[in-house]
Amino acid sequence: MIQYFDCDKIGYEGPSSKNPLAFKHYNPDELVAGKPMKDHLRFAAPYWHVMRNVLGDPFGGGTALMPWDDGSDSIENALNRVDVFFEFLQKIGIEFYCWHDRDIAPELGDLAKSNEALDAVVAKLKEKQTETGVQLLWGTACLFSHPRYAHGAATSPDMNVYAYAAAQVKKAISCTKELDGLGYTFWGGREGYATLLNTNMKRELDHQAAFLHMAVDHANEIGFDGPFYIEPKPREPSTHQYDSDAAACLNFLREYGLMDRFRLNLETNHATLAGHTMEHELTVAINAGMLGSIDANRGDTLIGWDTDQFPTDIYGTTQVMLKVLEMGGFTTGGLNFDAKRRRESHEPMDLMYAHIGGMDAFARGLKIAAAIREDGRLANFVKERYSSFDSELGRKIEAGKCSFSELEQFALGNSEPLLKSGRQEMLENLVNEFL
Ligand code: XLS
Ligand code: NI
Ligand code: NI
């Protein structure tokens, strides 16, 4: 079989290596906090960016060199890509992947034909999974590229479109199940609005909830028991997307009785587009017991869109891993590199460099986060900061058994509370000790 990536399997050479095709920090079997690094990190590669992203931007077409791709919509071409993708996974050492239905197989003249194409590719993916041990982290349906979804899918004003989307999701969930996928994601690409002048928000949200309930019913019917993930993003492509951030998603899921089956899949670039830090979004999800998985990338503060860059910022990966460790690690989820190369990095080997960088950055983030936790000073500071609530009265407040009158009495008998320092700078210095 022809090989398209001009390298052997990427190995670990340690921090002193100068080899750009080696890991300096990611050492899959090395134990960190009692667990192999690969089991903490659970890296996944997205089919759409690795195999299908031609690297266009709003001002110019694609530049990516894909010598394996004949540019056609044929099933044969789709099947060829599977071999190339698995060559990539094997060489980079990534054991999970994610797809949209339309990344792996072409959308053909009608739904039935598209389903047949999907079945053919899924059969091949299944073979490759068995051969390599690679697992599907999650599947999803592309409900945003085709012009029919211009007004949304599960929030389309047109029931004909809604039904089409339902059929597509039904099939995509079945394919996910066929591949023993661990989860299934809903990113509402166009589930939002461009203007409220033409939008009945209440009806759209009711429809979306009904859609998700039907998805749960279908999953139950076919015995797919993995979690569904909602992936928040505030805007782009729509002006306002309903799943704008973690809090908005949680509110939606609670309001419509969907908390049991759903978790959140949080993406760094989406968090920052929503005006939050990723650690804020992770904290919101974890507090609700609802963090499922992560789309690991980063944005660029100088560019206002979802640039989907590879995570290379050690401070950022450290913050993410602090949260993942605090949660006790992933169960069904992982770190999916929903990231693409820059338009200028158009050669196949740039995929290798990009992923090596992301994996090393997360390996360092993991080791640093584990060391900060092991050290304990940061956690102790936070614990101490709230310690007045560990008093008898504090505990009463936390148990919801206190009253304003009781607190008034306490305040009257108490002297002016002493202002204590939050020590932000000291804590930032503490974190820097470990970088
Ligand atoms: C787009 C999203 C998308 C989802 C999957 O911004 O991140 O890639 O992860 O549909
Ligand atoms: Ni994503
Ligand atoms: Ni994104």
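Order of appearance sets the numbers: ligands from 1, and atoms from 1 within every ligand. If you read the sequence from its start, that first residue is 1, and numbering goes on from there.
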Close approach, H270 and ligand 1, non-hydrogen under 4.0 angstrom: yes

Output yes when the distance from some N or O of ligand 1 to some N or O of D295 is under 3.5 Å, and no in every other case. yes

Per-atom contacts of ligand 1 with K233, taking only distances under 4.0 Å to non-hydrogen atoms: 1 (C), 6 (O)

So that I can tick it off, tell me whether E178 and K126 are bridged by a salt bridge, with the cut-off set at under 4.0 angstrom between side-chain N and carboxylate O. yes

Starting from atom 8 (O) of ligand 1, locate the nearest protein heavy atom and write down its residue, its atom name and how far away it is, to 0.1 Å. D338 OD2, 2.8 Å

For W48 and D338, run side-chain hydrogen bond (donor to acceptor under 3.5 Å, both in side chains): C-alpha distance rounded to whole Å, both residues' side-chain angles, the deciding distance at 0.1 Å, then the answer. CA-CA 9 Å; W48 55 100; D338 194 353; 2.9 Å; yes

Under 3.5 Å: N/O of H100 near N/O of ligand 1: yes

Rounded to 10°, how big is the angle at the Ni ion (ligand 2) from E267 OE1 to D338 OD2? 90°

How about Q135 and D180: does a side-chain donor come under 3.5 Å of a side-chain acceptor? no

Write out the residue and atom name of the closest protein heavy atom to atom 2 (C) of ligand 1, then the distance separating them to 0.1 Å. E231 OE2, 3.2 Å

Starting from the Ni ion (ligand 3), look over the N/O/S atoms of D306 and name the nearest one. OD2

Donor on one side chain, acceptor on other, S293 and R263, under 3.5 Å: no

Report the atom name of the nearest N/O/S atom of E231 relative to the Ni ion (ligand 2). OE2

Parallel, tilted or perpendicular, judged at 30° and 60°: which one describes the rings of H280 and H276? parallel

Can a salt bridge be assigned to the pair E127 and K124 using a cut-off of 4.0 Å between side-chain N and carboxylate O? no

Assign the ring pair F262 / F228 to parallel, tilted or perpendicular, where the plane angle (0 to 90°) is split at 30° and 60°. tilted

Can you confirm, on distance only, whether ligand 1 has an N/O atom lying under 3.5 Å from any N/O atom belonging to N265? no

Short check: any N/O/S atom of D295 below 2.8 Å from the Ni ion (ligand 2)? yes

Taking Y97 as the fixed residue, which of F337, F85, W138, F88 is the one that meets the ring-ring contact (aromatic ring centres under 6.0 Å, His included) rule? F85

